[in-house]
Amino acid sequence: MKTIVEIITENKRTNMDIIDAAGKIIREGGLAAFPTETVYGLGADALNPEASRKIYEAKGRPSDNPLIIHIADMEALEKIVLHVPTKAEKLAEHFWPGPLTMIFAKSGRVPLETTGGLQTVAVRMPNHPVALALIRAAGGYIAAPSANTSGRPSPTLAEHVAEDMDGRIPLILDGGAVGIGIESTIVDLSGGIPMVLRPGAITIDMLRDVIGEVRIDPGIEVNPSAHPRAPGMKYKHYAPRAELILVNGAREKVLEKINDLAHQAAESGKTAGVIGTDESCGHYRYGIVKSIGTRSDADTIAQHLYKILREFDQQDVDVIYSESFSAPGIGQAIMNRLLKAAGQKMIEV
Ligand code: TXA
Ligand code: MG
């Protein structure tokens, strides 16, 4: 299959002819990749079981790992869930469109192929003009996982999608770099106390401010032995090909340790990658050193995380050493993704 990449935004305007063509592909049961504010998604008609199956095939994704349904308005929500809890209504008012996915009991209209066999469904209204226009053109319901092959870092540029999906899907809509860079926060509202299954740009504190008590799935905290409840969180994920090791501790000690490790790697004939920040990069003396962003604005770190992991893959490094990032705000989501990419390997200094 030939994959066409179309520039979808010019002078901040969405090309509606291309949106219509992409919408047609999806309505007819095909796949199209598109930008959202978090990461690029790989879209198909969420209510068509055959179309959902194509997503799993293109990604090489295990079929028990459910998909998120993307909608463009609240009316669409009522048709795919059994009921909308008041807390979900409140969260939607505050955070939709935006980087928040909510889990509900599903209605009969949603095929089990889309939910990986579950009776619950994950739903999100993305905050991106291209995504919203495409959802409308496609009939209202787009199932979309991140548009990477299973296990690789999520795509934050159309080029990343092409790297993984070239020849597997007919169309990639290129809307440039995404804004946030890591996937949406997932909160389960399908029963009991709301529980965060995946941290993201909407933090637990932001959720608590709106609906009160919110728990965090023990499986996503640093303890790797607990079993996460979002099926996708149990798989090795977001991972570069090279081994990734995090180093955590006081700033000076981290710098020293990473310098030592990168030096040792060089001595033994390996190429090391080093992930530092604008503040620290000048202090690293060995290996290929990259800044992930500035510690004065953690959003910049989220934006560049997956891009940097992919760049190290292209440069064929053998091992990557990374600084770690602390938990406030989006920092929790950054650490969650880095730890998963590292297979939980972290050295304390
Ligand atoms: O930001 C995002 O959410 C992006 C963009 C494209 O919208 N999408 C995304 O989808 O990250 P994906 O498929 O890569 O991750 C979806 C996660 C998986 O970990 C999956 O297991 C979980 O959501 N999930 C989906 N439905 C679920 C359900 N019914 N119950 C529990 N977890 C669910
Ligand atoms: Mg994903």
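We count ligands from 1, going down the list as the structure has it; atoms in each ligand are counted the same way.
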What atoms in ligand 1 come closer than 4.0 Å to a heavy atom of T38? 1 (O), 2 (C), 4 (C), 5 (C)
Taking R295 first and then E279, would you say they form a salt bridge - that is, a charged N and a carboxylate O separated by under 4.0 Å? no
Less than 4.0 angstrom from a charged side-chain N to a carboxylate O is my criterion; do R215 and E213 meet it? yes
N-O pairing of E323 and R251 below 4.0 Å: no
Ligand-side contact atoms (ligand 1) for residue partner A122, heavy atom cut-off under 4.0 Å: 25 (C), 26 (N), 27 (C)
Between I186 and ligand 1, find which residue part has any heavy-atom pair under 4.0 Å and reply side chain, backbone, both or neither. side chain
Report yes if some N/O of S184 lies less than 3.5 Å from some N/O of ligand 1; otherwise report no. yes
Verify whether one side chain among D188 and S190 offers a donor that lies under 3.5 Å from an acceptor in the other. yes
Considering the heavy atoms of L118, write down every atom of ligand 1 situated less than 4.0 Å from one of them. 28 (C), 29 (N), 30 (N)
Answer yes or no for S146: is there an N/O/S atom below the 2.8 Å cut-off from the Mg ion (ligand 2)? yes
Flag for R61-T149: side-chain donor and acceptor within less than 3.5 Å: no
Would R61 count as being in polar contact with ligand 1, using the rule that some N or O on each side must be under 3.5 angstrom apart? yes
Take the angle between the ring planes of H70 and F34 and call it parallel below 30°, perpendicular above 60°, tilted in between. perpendicular
Any side-chain donor near an acceptor of the partner, R198 and T101, under 3.5 Å: no
Counting heavy atoms only, which of A33, P66, A144, G41 is nearest atom 8 (N) of ligand 1? A144
Which ligand 1 atoms are under 4.0 Å away from a heavy-atom of S146? 8 (N), 9 (C), 10 (O), 12 (P), 14 (O)
Nearest non-hydrogen contact to atom 15 (O) of ligand 1 from the set H70, R198, E183 belongs to R198
Between T120 and ligand 1, find which residue part has any heavy-atom pair under 4.0 Å and reply side chain, backbone, both or neither. both
Are any of the heavy atoms in N65 under 4.0 Å away from ligand 1? yes
Salt bridge or not for D164 and K59, using N-O below 4.0 Å? no
